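Contents: one structure, followed by commentary.
Keep in mind it's a predicted model, so treat the numbers as computed, not measured. What you see below is based on every heavy atom in this structure, not just the backbone, and it leaves out hydrogens, waters and symmetry mates.
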Amino acid sequence: MPLRRTRPVFLATLLLATLAWLPRAHAAPITLEVDAREAPIKMLHSRLVIPATPGPLTLYYPKWIPGEHGPNGPVMDIAGLRISAGGKPIPWLRDDVDMFAFHLDVPAGAKSVEVTFDFLSPTAEGRYSGGASATPNLVVLSWNQLLLYPAGGTSDSWTYTL
């Protein structure tokens, strides 16, 4: 008899524990704006608004790109990285070991951080996403080149709006 009474409690606990491990979307999406007016001269401008809470925050540039066979996201092609909250600059540090990680402290009262940077599109022929992707009449955007994402969760955890 005691086994029958505890079985529903055990199953409910197991279900809740399983749901806690499933990836879930964060409440607020990350907003991404891309200015491609300078694409003919191989420069794209990215602006992100990333939901955040006050305290330490690590942002990552995509390292592993689907279809490529190594951790070779083009982090060396970003320039002019600026991070702010409420219109005030936030100092950031690049990780000592992982060059794809940027550390900062979100100030008290902030609900998001704004990140802007330029992506310098390769001018020479290259392989995969490392090749030139813009002409005077056409630009091919690889979204991974234009965003950062917060530490924590999985790639399925974050949604982006344009």
To check you understand the geometry: which heavy-atom pair defines the closest contact between [X] and [Y], and what is its length?
{"X": "Pro150", "Y": "Trp158", "result": "CG-CZ2, 3.4 Å"}
{"X": "Ile78", "Y": "Phe119", "result": "CG2-CD1, 4.2 Å"}
{"X": "Tyr60", "Y": "Ala151", "result": "CE1-CB, 3.5 Å"}
{"X": "Met76", "Y": "Gly73", "result": "SD-O, 4.4 Å"}
{"X": "Ile90", "Y": "Asp105", "result": "CG2-O, 3.4 Å"}
{"X": "Ala85", "Y": "Ser112", "result": "CB-O, 3.7 Å"}

With side chains defined as the heavy atoms from C-beta onward, is the minimum distance between [X] and [Y] less than 4.5 Å?
{"X": "Asp98", "Y": "Lys63", "value": "yes"}
{"X": "Leu32", "Y": "Trp143", "value": "yes"}
{"X": "Val115", "Y": "Arg47", "value": "no"}
{"X": "Ser46", "Y": "Leu147", "value": "no"}
{"X": "Asn144", "Y": "Pro74", "value": "yes"}
{"X": "Ser84", "Y": "Val113", "value": "no"}

Fit a plane to each ring of Tyr61 and Phe117, take the angle between them on a 0 to 90° scale, and name the class: parallel (under 30°), tilted (30 to 60°) or perpendicular (over 60°).
perpendicular
With sequence neighbours left out, what residues match [X] under side-chain hydrogen bond (donor to acceptor under 3.5 Å, both in side chains)?
{"X": "Asp77", "result": "none"}
{"X": "Arg82", "result": "Thr116"}
{"X": "Asp95", "result": "His103"}

Roughly how far, to the nearest 0.5 Å, is [atom2] of [Y] from [atom1] of [X]?
{"X": "Leu93", "Y": "Phe102", "atom1": "CG", "atom2": "CZ", "value": "11.0 Å"}
{"X": "Leu44", "Y": "Asp118", "atom1": "CG", "atom2": "CG", "value": "9.0 Å"}
{"X": "Leu120", "Y": "Met43", "atom1": "CG", "atom2": "CE", "value": "5.5 Å"}
{"X": "Leu81", "Y": "Leu59", "atom1": "CG", "atom2": "CG", "value": "8.5 Å"}

Would a hydrophobic clustering, with Ile, Leu, Val, Met, Phe, Trp and Tyr connected at side-chain separations under 4.5 Å, put Leu48 with Leu141?
yes
Same apolar cluster: Met99 and Leu146, side chain cutoff 4.5 Å:
yes
Could you walk me through whether Leu162 and Glu33 pass side chain to side chain contact (heavy atoms under 4.5 Å, CB included), step by step?
CA-CA 6 Å; Leu162 302 174; Glu33 295 175 7; over 6 Å; no
